[in-house]
Student: 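Would you mind keeping the following structure in view while I ask a few things?
Keep in mind that this is a model prediction, so the values were computed, not measured.
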Amino acid sequence: MSAAPDVTAPVRRKLRVGVLATAVTTVLTLLCCVGGAGAFLLTELGGDQKDGVLAGLNCDPAYQVDLTGDMPRFTEYGEGQLRNAAVIIKVGQDMKVPARGWVIALATAMQESALRNLANSTVPASLALPHEGVGADHDSLGLFQQRPGWGSVEQRMTPSYTARKFYEKMVRVRDWQHRPLTVVAQRVQVSAFPDAYAKHEDLAGRIVDALAGGAARTVEIAGKAVCDAAAGARIAASGWTAPLPGGVVSGFRTTERPSHNGVDLAADKRTEIHAASAGRVLVARCDPDHSGKRDCDRDGWPGKGGCGWFVDILHAGGYITRYCHMIERPRVVPGQSVEAGEVIGLSGTSGNSSGPHLHFEVHIDSDRSSRGAVNPVPFMRERGAPVDGTA
């Protein structure tokens, strides 16, 4: 059973999302949960769509990117930029780099060049080669803004060459598939703005899905790409993972509980809870109950109020995830950076709860209040990390 935690005023940030948020979930047995504010109508998150984007909602690990076919539409990028994205993905496929690497490479090129093959006004030879804009950052060239140590002018102005050089260096980063995108991209690029890559991760994943048959929803298991199987320490190419393997036992804003702003996931006491994606801890504390008490070190009960021991994490793109009813003080503290899959606490039944489980919420627009809450079931499935027990 869950109640909304004591939430401070939200910090809003505009988020652009280009796929349809599908609000479909199966409501199973009623476990708990009475919640905070009023009902909420889930609507489209907005953005352009085309067959390629919708096809990306399926998942085919064997799908090969098409460099010459029609490109899907994205508000943020034109056809030429998406063809450059397709080249980056195709090189990754040819090199047998797992799909997580394609997302990292795309996000990097999005930050460095906005997916344009840039010449440079300080490198005259580059202006005589095919290009899609002119930059002036030192002597950097191409999609990844590579400097002379990466190759000749002609090589650095060739998208397939620059993508290959990026991947060659990326795969040498220790444990790159499980580390935050910003860390991996920075190890390759050595940028003056190392945190800037993170804001592109979500859109990069959606572009990979649209161009490569839902590949951002795959996770590498025993050397093979598997769809919709990210949970715990297994991280999808999107950068997301289910916080624990249990299925939904109480749904999002059901008829019976229209103010239930998350889903309840089945879990025995002391089951490890994993951060759903890399991010920064906003809150890690005991939520006061209806009487104002902070006594989360004991089991709760229906009607008690509060989330018990809980954690809020802010992720790239302005997403926030919430994890309620932990059995003891969380293993993280506010301000701490966490990696996807990192253990942040243990499940329990503190606060407004009728039995052990994890109450899990997803919020958009950096809004911790009920106004920012969306249904975690379609959100997590679109990222290859289903929480409904179907992984």
Side-chain angles (χ1 to χ4, degrees), residues 76-77 81-95 97-123 126 129 131-208 211 216 235 237-239 277-280 315-317 337 339-340:
E76 299 83 353
Y77 295 114
Q81 292 160 299
L82 288 170
R83 289 199 187 280
N84 286 333
V87 169
I88 293 171
I89 296 170
K90 181 66 164 59
V91 171
Q93 289 181 328
D94 292 344
M95 294 176 66
V97 173
R100 177 61 179 160
W102 315 344
V103 174
I104 295 171
L106 276 192
T108 302
M110 290 160 71
Q111 172 61 28
E112 297 290 354
S113 67
L115 293 176
R116 294 176 300 156
N117 192 28
L118 295 179
N120 192 311
S121 58
T122 68
V123 185
S126 68
L129 297 170
H131 58 277
E132 299 158 339
V134 179
D137 181 14
H138 300 289
D139 46 14
S140 302
L141 297 175
L143 291 176
F144 293 91
Q145 289 293 276
Q146 293 165 344
R147 303 195 68 183
W150 291 82
S152 68
V153 171
E154 184 174 3
Q155 288 172 328
R156 289 181 288 144
M157 290 295 295
T158 304
S160 58
Y161 173 89
T162 59
R164 178 171 293 275
K165 297 301 289 186
F166 179 89
Y167 287 128
E168 286 175 352
K169 190 171 180 181
M170 183 198 70
V171 297
R172 294 198 295 268
V173 175
R174 181 179 60 83
D175 201 25
W176 67 268
Q177 289 196 68
H178 296 91
R179 305 186 75 177
L181 182 147
T182 50
V183 172
V184 179
Q186 175 63 5
R187 291 292 177 87
V188 178
Q189 296 294 107
V190 194
S191 169
F193 305 98
D195 297 327
Y197 302 108
K199 63 179 176 285
H200 303 287
E201 183 168 16
D202 188 69
L203 181 55
R206 290 191 282 116
I207 292 174
V208 166
L211 293 174
I235 315 301
S238 66
S277 188
R280 177 172 57 85
H315 309 281
S337 293
E339 298 185 4

Student: Would Glu112 and Thr108 satisfy side chain to side chain contact (heavy atoms under 4.5 Å, CB included), going step by step from the backbone distance to the final call?
Tutor: CA-CA 6 Å; Glu112 297 290 354; Thr108 302; 4.1 Å; yes
Student: Can you establish whether the number of heavy atoms outside Glu154 located under 6.0 Å from its atom CD is more than 12?
Tutor: no
Student: Taking all non-hydrogen atoms of both residues, which atom of Gln145 and which atom of Asp137 are closest, and how far apart?
Tutor: OE1-CB, 4.0 Å
Student: Of the non-hydrogen atoms in Ala316 and Glu201, which two are nearest, and what is the gap between them?
Tutor: CB-OE1, 4.4 Å
Student: Check whether Arg156 reaches the backbone of Gly142 with its side chain - one donor and one acceptor, N or O, closer than 3.5 Å.
Tutor: no
Student: Would Leu106 and His200 count as a side chain to side chain contact (heavy atoms under 4.5 Å, CB included) if you check the C-alpha gap in whole Å, the side-chain angles of each, and the deciding distance to 0.1 Å?
Tutor: CA-CA 8 Å; Leu106 276 192; His200 303 287; over 6 Å; no
Student: Give the minimum heavy-atom separation between Asn120 and Ser140, together with the two atoms involved.
Tutor: ND2-O, 2.9 Å
Student: Does any donor atom in the side chain of Gln189 or Lys169 lie under 3.5 Å from an acceptor atom in the other side chain?
Tutor: no
Student: Quick one: does His138's side chain get under 4.5 Å of Thr122's, heavy atoms only?
Tutor: no
Student: Which pair of heavy atoms, one from Ala114 and one from Tyr77, lies closest together, and at what distance?
Tutor: O-CE2, 3.6 Å
Student: Atom CZ of Phe144 and atom CD1 of Ile88: how far apart are they, to the nearest 0.5 Å?
Tutor: 4.0 Å
Student: For the atom pair OG1 (Thr182) and CD (Gln111), what is the distance rounded to the nearest 0.5 Å?
Tutor: 11.5 Å
Student: Rounded to the nearest 0.5 Å, what separation is found between the OG atom of Ser160 and the CG atom of Leu143?
Tutor: 9.5 Å
Student: Determine, step by step, whether Ile104 and Trp176 satisfy the side chain to side chain contact (heavy atoms under 4.5 Å, CB included) criterion, reporting the C-alpha distance in whole Å, the side-chain angles of both residues, the deciding distance to 0.1 Å, and the verdict.
Tutor: CA-CA 10 Å; Ile104 295 171; Trp176 67 268; 3.9 Å; yes
Student: If you define the side chain from C-beta out and look only at heavy atoms, does anything of Gln81 sit under 4.5 Å from Met110?
Tutor: no
Student: The test is side chain to side chain contact (heavy atoms under 4.5 Å, CB included); show your working for Glu168 and Met95 and say whether it passes.
Tutor: CA-CA 9 Å; Glu168 286 175 352; Met95 294 176 66; 3.9 Å; yes
Student: If I compare all heavy atoms of His131 with all of Ser126, which pair ends up nearest, and what's the gap?
Tutor: ND1-O, 3.9 Å
Student: Closest heavy-atom contact between Val184 and Arg179?
Tutor: CG2-CB, 4.0 Å
Student: Can a donor-acceptor pair be found, under 3.5 Å and without considering hydrogens, that links the side chain of Arg164 to the backbone of Tyr161?
Tutor: no
Student: Considering residues, nucleotides and ligands other than Arg83, do more than 12 of their heavy atoms fall under 6.0 Å from its CZ?
Tutor: yes
Student: Nearest 0.5 angstrom please: Asn84 CG to Ile89 CD1, how far?
Tutor: 11.0 Å
Student: Nearest 0.5 Å please: distance from the CZ atom of Arg100 over to the CD1 atom of Ile235.
Tutor: 8.5 Å
Student: Quick one: are Trp150 and Thr162 in side-chain contact, heavy atoms under 4.5 Å?
Tutor: no
Student: Can you tell me how far the CG atom of Leu141 sits from the CD atom of Gln146, to the nearest 0.5 Å?
Tutor: 9.0 Å
